[in-house]
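Working notes, structure below.
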Amino acid sequence: MLENFVLEKDHLLPLLRKLGRQYRLVAPVRNRHGDTLFTEIHDLDRVEIDLEHQPQSSLKPFFFPQVEVLSMYGLDHDTSSGATWYSFYPQLPENRPTVYFGVRSCDMMAVMYTDMIFLQSSEYDVYYARHRENAIFITIGCNQPFSNCFCNATRSGPFLEHGFDIQLTDIGDRFFVETGRARGVQLRRQWAYFFRDATEDDRRAQFQAALEARGLFNRLVHVDLVTRILARQEEPEAIFAELSARCQDCGGCAYICPTCTCFTIHDQALDEDRGERLRTWDACTFSGFTRMAGGHNPVDPDRQRVRKRFLHKLLHDVEHHGRTSCMGCGRCVDMCFGGVDILRFIEMVSENETEHEETP
Amino acid sequence: MILDPSRYVAPGMAGPQGSKPVRGNIYLPVPAQVREVHRENDLVTTFVLEFDDPLVNQEFSFEPGQFMMVSMPHCGEAPISFSSPPGRGGGFALTVRRAGRLTSAMHRLRPGDTIGVRGPYGRPFPMTELAGSSLLFVAGGIGLAPLRSVIDFCLDHRSDYGEITLLYGCRTPADICFADDLERWSRAGVRCLCTVDEADDSWSGRVGLVTELLQDVQVEADSWRALVCGPGIMIHFVLSRLLEMGLPRDHLFTTLERHMKCGVGICGHCFLEEKLICREGPVFSLAELDDTRNL
Ligand SMILES: Cc1cc2nc3c(=O)[nH]c(=O)nc-3n(C[C@H](O)[C@H](O)[C@H](O)COP(=O)(O)OP(=O)(O)OC[C@H]3O[C@@H](n4cnc5c(N)ncnc54)[C@H](O)[C@@H]3O)c2cc1C
Ligand code: SF4
Ligand code: SF4
């Protein structure tokens with residue numbers, strides 16, 4: 001059973017200070033440009049933790065950096081035989097115990113999804129594992145969803161039932177505190193003096209906030225309808241073609257998306273005999289993503305370049321894992337200047353369907 | 001070198017298909033040394049490789065149809081199928097067509113050089129399920145490489161398989177690979193029929209597409225299985241023709257090619273609809289493929 005507590009708002013900073021001494025602390029910080037980004041905090045008194053705006057970035061780069069060195073390689077030449085000796089030296093990332101504070105439900109769900117991709121496939125990704133191993137998540141439910149949010153339709157928010165270590169709900173002058181996974185329970189116990197037990201009033205206030213939030217979504221997005229339409233295997237070819245034509249091949253949607261995990265592996269020479277093997281984010285919308293030596297490309301970039309991204313999230317992952325891998329965070333909506341976002345796609349497919357139903 | 005020894009993890013080889021690999025580093029290539037280099041033709045070369053570590057050599061096993069991710073200095077990695085059969089000791093063979101950066105660099109390798117490899121990866125041909133059947137192999141160009149591993153495996157276990165027929169098509173006589181093997185197989189009782197799209201003065205054999213060779217073979221739906229590998233378009237036409245000839249979909253096997261980076265089902269490149277070729281394939285039965293038009 002979840003245990004419930006209360007953290008007074010003026011206890012938050014002292015708690016974070018304590019945590020900051022023992023852990024690396026990462027939270028949404030509003031910078032001087034007005035951007036809210038998950039940032040490593042070195043000095044709590046010199047940054048503004050921002051729980052008012054949706055963080056523009058997700059946690060993805062902390063576990064799966066945009067560029068990561070997998071290994072170094074070197075060549076040694078045997079001058080007598082002329083043969084070349086080629087060896088690899090892995091570069092594993094540091095494993096730093098970290099508290100991620102102020103994580104939204106959609107982003108927490110996204111971490112659970114990427115865990116499945118990197119850790120639970122038949123192969124185990126040690127790089128991701130290193131980043132991920134000692135992470136503690138303090139999430140915050142969204143009393144007021146943001147303008148592009150549709151996590152209600154993807155069942156990944158605005159509040160969580162599980163997955164968090166600690167979930168906070170803003171109930172006025174205090175946070176309602178739920179402890180979830182073991183690390184959250186331990187953390188709450190370790191700093192028990194910051195918390196008090198929740199009363200019936202606190203519980204009622206939390207229930208009220210969570211209930212009201214569900215009615216505050218700006219957008220009505222028919223995710224379930226669209227997953228059903230796609231499952232019928234009727235290809236919305238014209239919609240793919242229209243959206244593909246507007247895609248400018250920038251990869252922004254995939255980079256900003258907390259659940260897009262495609263990458264490429266390539267070498268960066270440092271000099272003639274040494275180099276780095278790198279892993280870098282990639283995007284299935286790039287025309288080079290599937291192009292093979294000789295030029296054959298099984299995906300037609302003109303008509304299909306966005307197809308895999310949408311089908312992966314709304315059809316293939318439903319088949320493989322039983323749920324969409326779009327978490328409804330809405331980030332790709334603001335990202336794309338061509339309007340080629342998943343919301344647009346969902347709207348086009350569902351409108352298409354209703355039009356069909358209306359024509360006798 | 002910019003090295004931190006405390007971060008060093010011993011290279012872990014991936015386990016056989018289906019088994020949970022040791023939690024080593026799946027991205028870390030291990031060195032393998034080039035023992036022999038055989039030029040098949042101007043564009044294609046076969047390399048016989050062995051691991052530097054004799055213990056790894058002894059432990060290493062693979063199955064026909066699987067592949068390795070090959071590293072070359074400054075060139076990243078590329079998937080290459082085994083072209084030799086497992087179980088013979090003495091390393092393994094990869095046959096490589098010069099197609100781009102990495103494969104061109106491989107063509108400059110000499111005996112004694114090292115390359116990086118990791119694997120084996122992918123679902124192999126179902127050799128146990130195929131036992132008891134007669135086998136029709138249809139290959140185009142370099143597509144014979146993975147099938148060579150199967151044919152030699154069958155010859156090593158001759159009594160397990162029935163008749164063996166190979167239909168082999170190349171663009172020109174100069175594109176033919178494994179000429180010595182074709183002779184060796186014929187001597188061993190494999191019926192080998194070859195054709196080229198465009199003949200030259202050196203060629204006295206058949207001219208035409210490999211699908212035309214299918215007119216010369218009789219296959220029983222019950223007792224025959226067909227294994228097809230080559231360019232996507234060739235696979236499509238051969239499989240369609242074999243279906244017309246009455247072979248059921250689950251008797252037809254092919255191995256597919258896609259742009260590939262990790263080889264272990266994470267990087268996302270090698271998708272075919274909902275499947276990832278590296279993990280669910282590269283070998284598929286036609287019963288598992290809805291549509292072969294866009295291979
Ligand atoms: C399962 C499998 C088995 C294969 N077996 C063989 C074989 O036995 N012999 C052989 O000659 N070729 C084989 N190929 C094709 C071979 O992998 C490509 O020709 C090779 O990747 C081209 O690399 P490149 O650097 O020379 O070309 P570039 O065009 O410079 O390619 C750059 C990178 O893109 C990727 N890439 C490009 N084309 C392909 C492709 N066709 N398939 C996969 N990745 C690609 C690779 O990561 C490659 O390093 C196989 C492909 C697959 C998927
Ligand atoms: S999508 Fe849901 S959980 Fe994410 S920020 Fe918006 S309301 Fe919060
Ligand atoms: S597809 Fe768009 S809305 Fe869905 S999780 Fe990714 S960025 Fe967020």
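So that the names make sense, note that chain A is the first sequence line, chain B the second, and so on, each numbered from 1. In what follows, every heavy atom counts, from backbone to side chain, and hydrogens, waters and symmetry copies are set aside.
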Relative to chain B, which segment of [X] carries a heavy atom at a distance below 4.5 Å: side chain, backbone, both, or neither?
{"X": "H312(A)", "answer": "neither"}
{"X": "T264(A)", "answer": "both"}
{"X": "D125(A)", "answer": "both"}
{"X": "D300(A)", "answer": "neither"}

Side chain to side chain contact (heavy atoms under 4.5 Å, CB included) evaluation trace for V299(A) with F271(B): CA-CA 10 Å; V299(A) 174; F271(B) 68 86; 3.9 Å; yes
Pick one of side chain, backbone, both or neither for [X], based on which atoms fall under 4.5 Å of a heavy atom in chain A.
{"X": "T103(B)", "result": "neither"}
{"X": "M260(B)", "result": "neither"}
{"X": "C75(B)", "result": "backbone"}
{"X": "Q33(B)", "result": "side chain"}

Measure the spacing between [atom1] of [X] and [atom2] of [Y] and express it to the nearest 0.5 Å.
{"X": "Y127(A)", "Y": "I26(B)", "atom1": "OH", "atom2": "CD1", "value": "9.0 Å"}
{"X": "R291(A)", "Y": "H259(B)", "atom1": "CZ", "atom2": "NE2", "value": "9.0 Å"}
{"X": "S71(B)", "Y": "D267(A)", "atom1": "OG", "atom2": "CG", "value": "7.0 Å"}
{"X": "E319(A)", "Y": "E274(B)", "atom1": "CD", "atom2": "CD", "value": "5.5 Å"}

Which heavy-atom pair separates [X] from [Y] by the least distance, and what is that distance?
{"X": "G112(B)", "Y": "A83(A)", "answer": "O-CB, 3.4 Å"}
{"X": "C262(A)", "Y": "G268(B)", "answer": "SG-CA, 3.8 Å"}
{"X": "P29(B)", "Y": "R277(A)", "answer": "CG-NH1, 3.8 Å"}

Should we say atom [atom1] of [X] is surrounded by more than 12 heavy atoms from elsewhere, each under 6.0 Å from it?
{"X": "R303(A)", "atom1": "CZ", "answer": "no"}
{"X": "F237(B)", "atom1": "CZ", "answer": "no"}
{"X": "R155(A)", "atom1": "CZ", "answer": "no"}

Apply side chain to side chain contact (heavy atoms under 4.5 Å, CB included) to E77(B) and I265(A), showing your working. CA-CA 8 Å; E77(B) 293 182 290; I265(A) 295 175; 3.9 Å; yes
Pairs of heavy atoms under 4.5 Å with chain B: top-ranked of D78(A), L70(A), T290(A):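 Max contact count across the listed options: T290(A).
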Given the options H320(A), H266(A), Q268(A), which has more heavy-atom pairs under 4.5 Å with chain B than any of the others? H320(A)
Flag the one option from [options] with the top tally of heavy-atom pairs under 4.5 Å to chain A.
{"options": "C270(B), C267(B), G76(B)", "answer": "C267(B)"}
{"options": "G116(B), P73(B), G100(B)", "answer": "P73(B)"}
{"options": "I115(B), L109(B), V34(B), L272(B)", "answer": "I115(B)"}

Note: E123(A)-R279(B) ion pair, threshold 4.0 Å (strictly below):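 No, this pair does not count.
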Does a salt bridge link E273(B) with R307(A), judged by any charged N lying under 4.0 Å from a carboxylate O?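 Answer for the salt bridge query: yes.
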Do Y27(B) and R279(A) have side-chain atoms, one donor and one acceptor, less than 3.5 Å apart? yes
Y86(A) versus D113(B), side-chain donor and acceptor atoms under 3.5 Å: no
Side chain to side chain contact (heavy atoms under 4.5 Å, CB included) for Y128(A) and I266(B)? Distances and angles first, verdict last. CA-CA 12 Å; Y128(A) 181 91; I266(B) 309 180; over 6 Å; no
R110(B) vs T84(A), side-chain hydrogen bond (donor to acceptor under 3.5 Å, both in side chains): CA-CA, chis, key distance, verdict: CA-CA 9 Å; R110(B) 288 178 304 174; T84(A) 303; over 6 Å; no
Residues Y73(A), H74(B); criterion ring pair (Phe, Tyr, Trp, His ring centres under 6.0 Å); working and verdict: CA-CA 9 Å; Y73(A) 60 85; H74(B) 312 309; 5.3 Å; yes
State whether F263(A) and K261(B) meet the cation-pi test: NZ (Lys) or CZ (Arg) under 6.0 Å from the six-membered ring centroid, and within 45° of the perpendicular axis.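 Cation-pi check for K261(B) and F263(A): fails.
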Full working for ring pair (Phe, Tyr, Trp, His ring centres under 6.0 Å) between F289(A) and H269(B): CA-CA 6 Å; F289(A) 191 79; H269(B) 281 266; 3.8 Å; yes
